[in-house]
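Report on the following structure.
Here is how names work: the chains are called A, B, and so on, in the same order as the sequence lines, proteins then strands, and each is numbered from 1.
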Protein chains: 2
Amino acid sequence: MRIATWNVNSVRSRLEHLQRWLTDQTLDIVCLQETKVVDEQFPLEPLQALGYHCAIAGQKSYNGVAILSRQPLADVQIGFGAVLGAEAVGDLDEQKRVISGRSGDLRIINLYVPNGSELGSEKYDYKLRWLTCLQQYLTVLGDRESQIHICGDFNIALEDRDIYDPAGKETHIMSSPTEREALRQSVLSLGFVDAFRLFEAGADQFSWWDYRTGAFRRNRGWRIDHHYLSESAKARAIACHIDREPRTWEKPSDHTPVVLELADE
Amino acid sequence: MRIATWNVNSVRSRLEHLQRWLTDQTLDIVCLQETKVVDEQFPLEPLQALGYHCAIAGQKSYNGVAILSRQPLADVQIGFGAVLGAEAVGDLDEQKRVISGRSGDLRIINLYVPNGSELGSEKYDYKLRWLTCLQQYLTVLGDRESQIHICGDFNIALEDRDIYDPAGKETHIMSSPTEREALRQSVLSLGFVDAFRLFEAGADQFSWWDYRTGAFRRNRGWRIDHHYLSESAKARAIACHIDREPRTWEKPSDHTPVVLELADE
DNA sequence: GGGGGGTGGG
DNA sequence: CCCACCCCCC
């Protein structure tokens, strides 16, 4: 099966790209971030017409996540609170950044990690608190289920080879040692592995390029969109690649899709 | 020579349409309204690249007029004040709605008449005052020059055959008897003739269709974009037609161009 | 630079 | 519906 993650930067303004890409490709599951639309206005019909079921968790203007799937997902859960309880989660579910569902024996978790704005800012603090909560969330789910796949826009580049020009980026949002450590702690320490790095060792492989200053043309990008696999899911991994093409289209998202292939069971 | 009038509803968002239309057509002079851009940001280069000189009178956000011409225009004048004096004009030159220039012996006057919003409103009063001033302006110019061509968006349909469904539109902005009379008084009473009606007698010939409620598809339009000719210029008139095609393009202006053909002298 | 939102204008 | 503007966010 093929699973994609794509931060579409508004599912409504990217609907034609999404339709085109889903028609060109053969995807089983597509995890979207930054849908930026309330559920009532999510473009269900055109995506159903392409053969997808939609599990959606949207909000107005910002954030919003969705999972498209050829087969309906079981046990769809929205937010950390669905697993940890609303009290434990506090303000971290106010923004729609977490949606999860099960496809056969595989638990799919789709995340849109907060950007964090600037080191030391209030938003940065929110990002770190959010990642701490993510660890609890994954710990609980990991105790319950064996095959787990996590993907999304992590807004963190794990290593220097994941950034176009890493020198001096220790104080940059998305590449600070503190953020990297928080992501390792929240995800990698639980045994999940970065699926892309099972197959690709090189640098200059990016999934996001700023709209400004011709970053895509100059390939000044970041690999911040990831797939993670639990030990048992990792055994099924066949390939993981970045599809740069949608980023070349007219009025693209600033992110491009990352596709993971898993062996059928 | 061929002269067009086109309310482009923002010259920047309509630049591709304008380039396409100017490439398809052979125009000598193109009068634009609602350019909605300050002079410093007017897209001079792409229009010069198509072989046009530009006389521009813009403002931020609203209004704005321009004349594109294959040959540079002589004696370009902006506003009523250039002819009547600033004192006589008061607040009527604050909005950029008037630009004029001479091409050979022909005086070209490009106008964007105020819309007027609603009958009885402050904007309506401004429209009527503006039209009174227009009469003075044209009277002075008519005393000075013989061959005069006036065009633009008049925001008034002169006759019932110029509206898609005239019944009950006496209290509608753009078709009230008061506005029609004001336009007759300001322009027609000075001897200028509606060039389109020299050639076309029929109804259902429109130059503007509201963006809302599928007005274009249903041809619920208005003929509010006009060419007027002085007696001596009228002698040169060969044809006048509405080019509906640009209104069929993607993201069109709500107006479509009206083209006048004059015999070369 | 390109999404979202809102308001004001037509 | 589709401009413009402003502000917020990435």
Side-chain angles (χ1 to χ4, degrees), chain A residues 7-15 17 32-38 41 58-64 95-97 112-118 121-124 126-127 153-156 172-174 208-217 220-222 224-225 247 249-255, chain B residues 7-15 17 33-38 41 58-64 95-97 112-118 121-124 126-127 153 155-156 172-174 208-218 220 222 224-225 247 249-255:
Chain A
N7 178 322
V8 286
N9 189 14
S10 169
V11 70
R12 283 176 297 175
S13 42
R14 219 66 58 210
L15 183 56
H17 284 203
L32 304 178
Q33 304 87 37
E34 282 208 86
T35 55
K36 291 187 174 179
V37 67
V38 292
Q41 290 178 56
Q59 68 177 89
K60 194 165 147 178
S61 297
Y62 305 119
N63 315 307
Q95 304 177 4
K96 291 290 183 288
R97 298 177 174 277
Y112 175 46
V113 178
N115 169 281
S117 187
E118 280 179 65
S121 68
E122 207 167 301
K123 292 194 173 89
Y124 180 73
Y126 187 88
K127 181 178 194 171
D153 174 0
F154 287 80
N155 269 316
I156 298 170
H172 194 294
I173 196 72
M174 302 193 293
W208 174 78
W209 301 260
D210 199 300
Y211 281 123
R212 289 160 286 192
T213 65
F216 181 67
R217 186 179 38 81
R220 297 164 74 96
W222 297 61
I224 58 179
D225 301 275
R247 183 64 238 236
W249 297 342
E250 281 272 294
K251 290 259 176 195
S253 168
D254 42 354
H255 296 253
Chain B
N7 178 323
V8 286
N9 189 12
S10 170
V11 70
R12 283 177 297 175
S13 41
R14 218 66 57 209
L15 183 58
H17 283 204
Q33 303 88 38
E34 283 207 87
T35 54
K36 292 186 173 180
V37 67
V38 292
Q41 291 179 55
Q59 69 176 89
K60 192 166 146 179
S61 296
Y62 305 119
N63 315 305
Q95 304 177 4
K96 290 289 184 288
R97 298 177 174 276
Y112 175 46
V113 177
N115 171 280
S117 189
E118 282 179 62
S121 69
E122 207 166 303
K123 293 195 172 90
Y124 180 74
Y126 187 89
K127 181 179 195 171
D153 175 0
N155 270 316
I156 297 171
H172 195 294
I173 195 72
M174 301 193 294
W208 174 78
W209 299 261
D210 198 300
Y211 281 123
R212 289 161 285 192
T213 65
F216 182 66
R217 186 178 40 78
R218 300 151 75 188
R220 297 163 75 95
W222 298 61
I224 58 178
D225 301 275
R247 182 64 237 236
W249 297 342
E250 281 271 293
K251 290 258 175 196
S253 168
D254 43 353
H255 296 252

Roughly, in whole Å, what's the span from [atom1] in [X] to [atom2] in [N]?
X        : N     : atom1 : atom2 : result
B/Arg220 : D/dC1 : CZ    : P     : 15 Å
B/Asp153 : D/dC3 : CG    : C1'   : 14 Å
B/Gln59  : D/dA4 : CD    : P     : 14 Å
A/His17  : C/dG2 : NE2   : P     : 12 Å
B/Asn7   : D/dC3 : CG    : P     : 12 Å
A/Asn63  : D/dC8 : CG    : C1'   : 12 Å
A/Tyr124 : D/dC9 : OH    : P     : 19 Å
A/Gln95  : D/dC9 : CD    : C1'   : 11 Å

Which distance, rounded to the nearest 0.5 Å, do you find between the NZ of B/Lys123 and the CD of B/Glu118? 9.5 Å

Can you tell me how far the CZ atom of B/Arg220 sits from the CZ atom of B/Arg212, to the nearest 0.5 Å? 12.5 Å

Are side-chain heavy atoms of B/Asn115 and B/Met174 found at a separation under 4.5 Å? yes

pair B/Val37-B/Lys60: side-chain heavy atoms closer than 4.5 Å: no

Consider side chain to side chain donor-acceptor pair (under 3.5 Å). Of A/Lys36, A/His255, A/Gln33, which one does A/Asn9 pass it with? A/Lys36

Report the residues that fulfil side chain to side chain donor-acceptor pair (under 3.5 Å) with B/Ser13, sequence neighbours left out, ordered by chain and then residue number. B/Ser10

Is A/Ser13 near enough to C/dG4 that one of its side-chain N or O atoms lies under 4.0 angstrom from OP1 or OP2? yes

Below 4.0 Å: OP1/OP2 of D/dA4 and any side-chain N or O of B/Ser10: yes

How would nucleotides 5-10 of chain C be written as a contact map, 5' to 3', with B for base contact, S for sugar-phosphate-only contact and - for no contact, using protein heavy atoms under 4.0 Å? SS--SB

